[in-house]
Amino acid sequence: MSSTTDHPTAAKPFVANDQRMKWHDGALWFVRSKRDRQAATLPEWEYLRQLASDIKAHTQANLAEYLQQFEENATAQGAVVHWAADADEHNAIVLKLLRQHGVGHVVKSKSMLTEECHLNPYLESHGIEVVDTDLGERIIQLREEPPSHIVLPAIHLKKEDVGETFYRHLGTEQGASDPQYLTEAARGHLRSKFLAAEAGITGVNFAIAETGGVVICTNEGNADLGTSLPPLHIACMGIEKLIPRQADLGVFLRLLARSATGQPITTYSSHYQGPKPGGQLHIILVDNGRTSLRDSDTFRKALNCIRCGACMNTCPVYRRSGGHSYGSVVPGPIGSVLSPSSDAAKHRSLPYACSLCGSCTDVCPVKIPLHHQLLAWRHTLAREGLLPASKRWSMKAGSKLLAHPRLFAAAGWFGRVALRYLPHGLTHNRLNTWARARELPTPPKSSFRSWYRRNRAAQTQLPIVQTPDDPPPRTES
Amino acid sequence: MDDTAQTASSPASAGSPTRSSRQGILDRIRSRRLPEAALPDIDAARLVRYDNLADAFCQSAEIVGASVRRVANIEQAHAHLETLDAYRDAAQVASTVNGIEGNFDPASTSAATELASLDWMVINGRLGVAENGAVWVPADEVHDRTQIFITQHLAIVLDTAHLVPHMHEAYQRIGRFRGYGVFVSGPSKTADIEQSLVLGAHGCRTLTILLLDAASPSP
């Protein structure tokens, strides 16, 4: 996506297909409803969210100590721990490990970190076959598309699209679109990839400082097969995945799947402590901007994120604009917070892809104040001079207006008159993008202030700012 | 309020020795001290309780797609498996459960990939969790952890005495363990095509839980 594409422009193709947009909206709202039902089964739900948030705050405050503790314990378990300052270094470490082991075929399970580092194209450019094994990821890999959701990577596609893709790449029957049939075809296809792979690459859901173990959660069993069959397992994780104790897993595993897909827990929660017998386990700890996010009092809590996707499922903008419109690896509210932190100019439209409704903050299992952070980003972007001219001028005009009571009153009067007499064609034309799909309100007869003066002023002690508000009643006839 | 978040300056570039990146990351973290925040302990009194753990477990396990059979002893567990077409017709059955015999010994294989033709795997579960139907299976229940995932059908024998209400108690009971362990909750599944739930993604197609309860009535 080009750096000049803003969110509304990028969303256009998605929004143009009204039927599909409505399907997408409904499908994600269904997931959100399942999340609500699961949350309601636990009287301690809010308590768990608070615990999760507190555990993360504690871990952030003691991150260096916990990282060292993790390294020490993981090493004692027989794993090899690597540190990468950025995406390039991470990719170089992975390639070096694969080369050392003479690996030509890799199976990979879902990892937003490796997406963030663009690991697949890097490895492919060095002649290594990388097969994404999560069904949704495999579908979009065959279609050469990025994921549109962090938990449901192919949620933007209909089963007919998948049928067409599998017909071309896996030789399924033309026109076949039954999910059961297509999943079976993918199972057969990927089984052969699992059996032929010389290494498995995975992400990490949680890393435990006290044990040196990592935990990976999947429904399909793809990470589990991919780390059990080949002798080499490379686990890639951002440094924010750390939690102090094994007991803390109880809190996070109870929250994760319920928030993500409305399941009580994922099918498999695999706990790896050291390599499998005769195998090797390498764990790469990646910074890539996380320490600088940690420096920020405003945005630090975004590091709490456990990548459940609940904020996307509930977001009215995401549901109607699709994940690709965000032009970043992580879409939705959390993506709109994280992406500008890596490139504010490129992603400056994202904090505005938000109505500030706050639903994301309400469902976030680790209590990231998402909509507050999105608002904070708007402050930052304005201060950095990154707003488009249209917004800059209208903001300036707005602040003048709101700072001057007389001007405000005059503008109010003008607005009420204009609303009554302006012809529709003048307000609704292609120059005014705001008026697309919006109607102006019926103007009130008078301002609130004149109403207040007439009806309440006599009974109150509050001072009233005197302004030459509405014109005298005589002009209203 | 600072806003250093917009620049992700990295202390080291590609190809530099990993050792210096380690120091760089740790130094960067230590250069910004954060207010101390206490590590909370969980108040057990605030957690969900179930009147009947076995009932709650069965209900949760069935919601996640497992089929649960309550049996009084291992003979009944075996008899139940024999009633399943997929079990009777299976070419390769392996079992690590005393009292249930397979026809294939996974220990006879020299590589994990030789397990690809495994139809049924019967194993013991160590612990069951009522809130989510998950069963804890540590690697020492099998010869090779691949067996848990590569088999077409998985059956887990679990004692009702080993049920706990929730994950907190599960981890308390598990304590420190060696190597690998996994919670299995239902058969492998996916909803990646139009949110349609399909059982049998990459792991087992079906999960049968045989819940041993000495007090359970004979079928």
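Bear in mind the structure is a predicted one, so any value in this text is a computation, not a measurement. These numbers come from the heavy atoms of this one structure, side chains and all, not from hydrogens, waters or symmetry mates.
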Which bit of [X] is near chain A, if near means a heavy-atom gap under 4.5 Å: side chain, backbone, both or neither?
{"X": "B/P187", "value": "backbone"}
{"X": "B/Q195", "value": "side chain"}
{"X": "B/A38", "value": "backbone"}
{"X": "B/R33", "value": "neither"}
{"X": "B/D43", "value": "both"}
{"X": "B/V48", "value": "both"}
{"X": "B/L207", "value": "neither"}

Would you check if the side chain of [X] reaches a backbone N or O of [Y] as a donor-acceptor pair within less than 3.5 Å?
{"X": "B/R28", "Y": "A/D287", "answer": "no"}
{"X": "B/T146", "Y": "A/S228", "answer": "yes"}
{"X": "A/E44", "Y": "B/L47", "answer": "no"}

Part of [X] within contact of chain B (heavy atom distance under 4.5 Å):
{"X": "A/L249", "value": "both"}
{"X": "A/L48", "value": "side chain"}
{"X": "A/I239", "value": "side chain"}
{"X": "A/R191", "value": "side chain"}
{"X": "A/L253", "value": "side chain"}
{"X": "A/L51", "value": "both"}
{"X": "A/L190", "value": "side chain"}
{"X": "A/Q246", "value": "both"}
{"X": "A/P179", "value": "both"}
{"X": "A/N91", "value": "neither"}
{"X": "A/V215", "value": "neither"}
{"X": "A/R258", "value": "side chain"}
{"X": "A/I139", "value": "side chain"}
{"X": "A/E65", "value": "both"}

Are [X] and [Y] packed together at the side-chain level, in the sense that at least one heavy-atom pair is separated by less than 4.5 angstrom?
{"X": "B/E194", "Y": "A/K158", "result": "yes"}
{"X": "A/Q263", "Y": "B/N132", "result": "no"}
{"X": "A/L229", "Y": "B/I150", "result": "yes"}
{"X": "B/E131", "Y": "A/T41", "result": "no"}
{"X": "A/C217", "Y": "B/F183", "result": "no"}
{"X": "A/W83", "Y": "B/L26", "result": "yes"}

Item checked: Option passing side-chain hydrogen bond (donor to acceptor under 3.5 Å, both in side chains) with B/R32 (candidates A/T291, A/D295, A/D297) ->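 Exactly one candidate clears the test, A/D297.
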Between [Y] and [X], do the side chains contain a donor N or O and an acceptor N or O under 3.5 Å apart?
{"X": "A/H82", "Y": "B/R22", "answer": "no"}
{"X": "A/Y268", "Y": "B/S188", "answer": "no"}
{"X": "A/N62", "Y": "B/E36", "answer": "yes"}

Enter the distance from [X]:[atom1] to [Y]:[atom2] here, rounded to the nearest 0.5 Å.
{"X": "B/S31", "Y": "A/R294", "atom1": "OG", "atom2": "CZ", "answer": "8.0 Å"}
{"X": "B/K189", "Y": "A/N219", "atom1": "NZ", "atom2": "CG", "answer": "5.5 Å"}
{"X": "B/I193", "Y": "A/L182", "atom1": "CD1", "atom2": "CG", "answer": "4.5 Å"}
{"X": "A/R254", "Y": "B/H166", "atom1": "CZ", "atom2": "NE2", "answer": "6.0 Å"}

Note to self: Over 60° means perpendicular and under 30° means parallel, so tell me whether B/H202 and A/F194 are parallel, tilted or perpendicular.
What the structure shows: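 Rings of B/H202 and A/F194: perpendicular, over 60°.
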Salt bridge flag under 4.0 Å for residues [X] and [Y]:
{"X": "A/K159", "Y": "B/D192", "value": "no"}
{"X": "B/R205", "Y": "A/E184", "value": "yes"}
{"X": "A/K276", "Y": "B/D144", "value": "no"}

Closest non-hydrogen atom pair between [X] and [Y], with its separation:
{"X": "B/H168", "Y": "A/G250", "result": "CE1-C, 3.6 Å"}
{"X": "B/R145", "Y": "A/T227", "result": "NH2-O, 2.7 Å"}
{"X": "A/R187", "Y": "B/G203", "result": "NH1-O, 2.6 Å"}
{"X": "A/P264", "Y": "B/V64", "result": "CG-CG1, 3.7 Å"}
{"X": "B/V182", "Y": "A/H271", "result": "CA-ND1, 4.5 Å"}
{"X": "B/D41", "Y": "A/Y47", "result": "O-OH, 3.8 Å"}

Would you mind telling me which of [options] has the largest number of heavy-atom pairs within less than 4.5 Å of chain B?
{"options": "A/Q180, A/Q68, A/Q77, A/Q50", "result": "A/Q68"}
{"options": "A/A61, A/G221, A/A57", "result": "A/A61"}
{"options": "A/D54, A/D224, A/T59", "result": "A/D224"}
{"options": "A/A302, A/S270, A/G136", "result": "A/S270"}
{"options": "A/L63, A/V162, A/L42, A/L135", "result": "A/L135"}
{"options": "A/H24, A/R290, A/Q60, A/R245", "result": "A/R245"}

Next item on the list: Determine whether more than 12 heavy atoms belonging to other residues, nucleotides or ligands lie under 6.0 Å from atom CD of B/Q59.
Entry: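 Count not over threshold, so no.
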Between [options], which has the largest tally of heavy atom pairs under 4.5 Å with chain A?
{"options": "B/P138, B/A139, B/A112", "result": "B/A112"}
{"options": "B/E169, B/Q172, B/Q152", "result": "B/Q152"}
{"options": "B/Q147, B/M167, B/R30", "result": "B/R30"}
{"options": "B/I42, B/I63, B/V129, B/L115", "result": "B/I42"}

